[in-house]
Amino acid sequence: MDYLIAVLLGVVEGLTEFLPVSSTGHLLLLSHFLKFETTGKTFEVLIQLGAVLALLTLYFQRLWDVVVTLPTEPRSRGFVISVLVAFLPAMVLGVLLHDFIKTVLFESPRLICFSLIVGGIALWAVDKWAPKPQHDDAMALDWKTALTIGLFQCLAMIPGMSRSGSTLIGAMLCKVDKKASAEFSFFLAMPTMAGAFAYDVFKTYKQMDFSDVWLIGLGFMSAFVTAVLVVKALLAYVSRHGYGVFAIWRICVGVLGLVLLQMGF
């Protein structure tokens, strides 16, 4: 049963990491209701790396082109600066608030459910009434726009708010079109998730238990494969339909979670 749960949680991680529905919220709620716990949350920490590697695989050529042309192309330098500027607020607050987030916020299923609902309402409203887009290239955002998006990303430190959801809301409010918002959210995910992963391991490695290596491996591979499929499909979908369906999903999951918690699960 643990192996089936590991695959399920890996698939959920891959499905939800880059959708604006909160992968952390889904993983924590599922782990709570399925009574699946690992020492130091080893499993939940390590399988996220599968989703990061999925992004690197899909965007390797574009990122490699940026690296190669960095000394000569202003566009490449501008892109790197925009991602670093957007990453900075989450890096600073993540270090300062790490212990509070992991020991207090992560242990509150009701907070996660309320965050899913509130974030879903916000996403639905912004998707419907966002200002007319003026930016359609995720690799050409100015540093002020990038910084604003990075500040919105900090909302994701509340589990259930969603890193991608927060950045998408910030990007659309900054007049970035929906497809470019999604792509910039992907690019920003790489340093953010890699940094969070590295710092989390640094802070909790003494508590981690790697004895269930097969469980971790199954979750990792499930997350990787599912994330590859999701990223490809998401860009095509949001260009045509927007983010309304994800907002509704968040609200439904949050309400269902509150009902189950009220019933004593």
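Because the structure is a prediction, the values reported are computed rather than measured.
No side-chain donor-acceptor contact under 3.5 Å links Thr145 to the backbone of Leu141. The backbone N or O of Thr72 lies less than 3.5 Å from no partner atom in the side chain of Thr69, so there is not a single donor-acceptor pair. With hydrogens and angles disregarded, a donor-acceptor distance shorter than 3.5 Å links the side chain of Arg250 to the backbone of Met161. The main-chain N or O of Ala194 is never found under 3.5 Å from a side-chain atom of Tyr199 such that the two would form a donor-acceptor pair. A donor-acceptor contact shorter than 3.5 Å is absent between the side chain of Ser166 and the backbone of Arg163. When atom types are taken as modelled, the side chain of Ser181 and the backbone of Val176 share a donor-acceptor pair closer than 3.5 angstrom. Side chain of Asp136 to main chain of Asp177: no donor-acceptor pair is present (N/O by atom type, distance under 3.5 Å, no hydrogens or angles). Using a distance-only test at 3.5 Å, with no hydrogens or angles considered, no donor-acceptor pair links the side chain of His26 to the main chain of Glu13.
When side chains are defined from C-beta on, Trp143 does not count as touching Ser82, because their heavy atoms never get closer than 4.5 Å. Annotation: side chain of Leu258 is in contact with side chain of Ile117 (closest heavy-atom distance under 4.5 Å). Two residues are said to be in side-chain contact when any heavy atoms from C-beta on lie closer than 4.5 Å; Pro191 and Val83 meet this criterion. Side-chain contact between Glu73 and Val66 is absent, with no heavy atoms from C-beta onward closer than 4.5 Å.
Environment of NZ in Lys179: sparse, with no more than 12 heavy atoms of neighbouring residues, nucleotides or ligands closer than 6.0 Å.
No side-chain N or O of Ser164 forms a donor-acceptor pair with one of Glu17 less than 3.5 Å apart. Residues Thr167 and Ser185 have side chains that bring a donor and an acceptor to within less than 3.5 angstrom of each other.
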Subject >> Audit row: Phe187, Phe79, side-chain contact (heavy atoms from CB on, under 4.5 Å) steps and yes/no >> reply: CA-CA 10 Å; Phe187 292 132; Phe79 168 68; 3.7 Å; yes
Subject >> Leu261/Phe33 under side-chain contact (heavy atoms from CB on, under 4.5 Å): CA gap, chis, key distance, verdict >> reply: CA-CA 9 Å; Leu261 289 170; Phe33 290 125; 4.0 Å; yes
**OP:** Quick one: do Ser22 and Leu116 satisfy side-chain contact (heavy atoms from CB on, under 4.5 Å)? Show the steps, please.
**Re:** CA-CA 7 Å; Ser22 179; Leu116 284 167; 3.9 Å; yes
Subject >> side-chain contact (heavy atoms from CB on, under 4.5 Å) assessment of Phe220 paired with Leu53 >> reply: CA-CA 10 Å; Phe220 180 94; Leu53 291 179; 3.3 Å; yes
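Across Leu93 and Cys154, no two heavy atoms sit closer than the pair CD1-SG, 3.7 Å.
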Using residues 221-237 as the side-chain source, report each donor-acceptor pair under 3.5 Å to any protein atom, sequence neighbours left out, with the distance given to one decimal.
from	atom 1	to	atom 2	distance (Å)
Ser222	OG	Leu218	O	2.8
Thr226	OG1	Ser222	O	2.6

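Arg62 and Glu183 are joined by a salt bridge, as a carboxylate oxygen and a charged side-chain nitrogen come within less than 4.0 angstrom of each other.
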